[in-house]
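Just below is one structure, and these are the notes that go with it.
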Protein chains: 2
Amino acid sequence: MDAADLFKALSDPTRRTILDELQQSDGQTLFEICGRLIMKHGLSSSRQAISQHLAVLEEAGLVRTRREGRYKFHHLDTSPLRSIVDRWPFDKE
Amino acid sequence: MDAADLFKALSDPTRRTILDELQQSDGQTLFEICGRLIMKHGLSSSRQAISQHLAVLEEAGLVRTRREGRYKFHHLDTSPLRSIVDRWPFDKE
DNA sequence: TTGACAGGCAAGTGGCGACTTGCCTATAAA
DNA sequence: TTTATAGGCAAGTCGCCACTTGCCTGTCAA
């Protein structure tokens, strides 16, 4: 949840693509995310790899999860990004 | 200058500290930055290490340089950070 | 011109991170 | 109760990245 976790989470291209996917369709399960990454982005990572990516994103606070039976839904939370702009402000158009 | 370069540049804690330093005092030389990192932040990286960090920051467009004789001044440019907020918007207070 | 100062280039090393592999748990359907 | 489905855990491999080391270039003062 600190700066190190946040920037570490953002440093990987697959994780950034996952954020894009969740932004486009929020609340997906692990298997849905895997499928979309393969279909729409041509990525062929294993389920475990994606699971580990999601854990990193969750630790950074960028993804929040919700359990429901045997499903686990993943939700995007962009609010941690605010800290970046707070730290190094830029002119807002 | 693309997303990969930007997030790669931000992924290292020493590079983020350099951005902090330049924000506080813009237009420093390599040796000045080295000195401040040691004095104020307790970091003991070699000159070459800092030089390589600055090259990464420059490639990401976060640092711009200006040559003057045997001195090279480094300037902070936070505008590339705008692309992060554009990609994953969050509510602006 | 000689020395000090500011910086650059390139090869080598070590550790961390992304990914795989194999097996395990839990929920729900047949 | 079986079988399939959704996900988790942990050890091991491999490549990249931060950092060092050594030497070189260019600028300016003595």
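So that the names make sense, note that chain A is the first sequence line, chain B the second, and so on, each numbered from 1. Values below: all heavy atoms of this structure, side chains included; hydrogens, waters and symmetry mates excluded.
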**Co-members of B:F73 in a cluster of I, L, V, M, F, W and Y side chains, linked at under 4.5 Å** = B:Y71
**Request:** With sequence neighbours excluded, tell me which residues meet side chain to side chain donor-acceptor pair (under 3.5 Å) with B:R66.
**Result:** B:E68, B:H75
**Message:** My understanding is that only residues two or more places apart in sequence, or in another chain, count here; which of them pass side chain to side chain donor-acceptor pair (under 3.5 Å) with B:H53?
**Reply:** B:R15
**Request:** Apply side-chain contact (heavy atoms from CB on, under 4.5 Å) to B:A4 and list each qualifying residue two or more places apart in sequence or on a separate chain.
**Result:** A:R16, B:D2
**Fill in**
Sorted by chain and number, sequence neighbours left out, side-chain contact (heavy atoms from CB on, under 4.5 Å) with A:L43 holds for A:T14, A:T17, A:L37, A:H41
**Message:** Below 4.0 angstrom, which residues in residues 21-39 of chain B have at least one non-hydrogen atom near DNA chain D?
**Reply:** none
**Message:** Show me the pairs that pass salt bridge (charged side-chain N to carboxylate O under 4.0 Å, His left out) and involve residues 70-80 of chain A, at least two apart or across chains.
**Reply:** A:R64-A:D77
**Request:** Using the salt bridge (charged side-chain N to carboxylate O under 4.0 Å, His left out) rule, collect all pairs that involve residues 30-51 of chain A, keeping only residues at least two apart or in two chains.
**Result:** A:E21-A:R36, A:E21-A:K40
**Message:** With a 4.0 Å limit, can you tell me whether A:K72 has a side-chain N or O closer than that to the phosphate oxygens OP1/OP2 of D:dG8?
**Reply:** yes
**Request:** Mind checking side-chain contact (heavy atoms from CB on, under 4.5 Å) for A:S46 and listing every partner two or more places apart, or none if nothing turns up?
**Result:** A:Q48, A:A49
**Request:** Pull out every stem in DNA chain C, meaning runs of 3 or more consecutive Watson-Crick or G-U wobble pairs with both distances under 3.5 Å.
**Result:** C:1-30 with D:1-30
Are there any protein N/O atoms within less than 3.5 Å of an N/O atom in nucleotides 13-23 of chain C, and if so, which ones and at what distance?
| residue | atom | partner | partner atom | Å |
| --- | --- | --- | --- | --- |
| C:dA18 | OP1 | A:R15 | NH1 | 3.4 |
| C:dA18 | OP1 | A:R15 | NH2 | 2.5 |
| C:dC19 | OP2 | A:H53 | NE2 | 2.2 |
| C:dT20 | OP2 | A:S46 | N | 3.1 |
| C:dT20 | OP2 | A:S46 | OG | 2.6 |
| C:dT20 | O4 | A:Q52 | NE2 | 3.1 |

Set out, line by line, the N/O atom pairs under 3.5 Å between protein and nucleotides 1-4 of chain C.
none

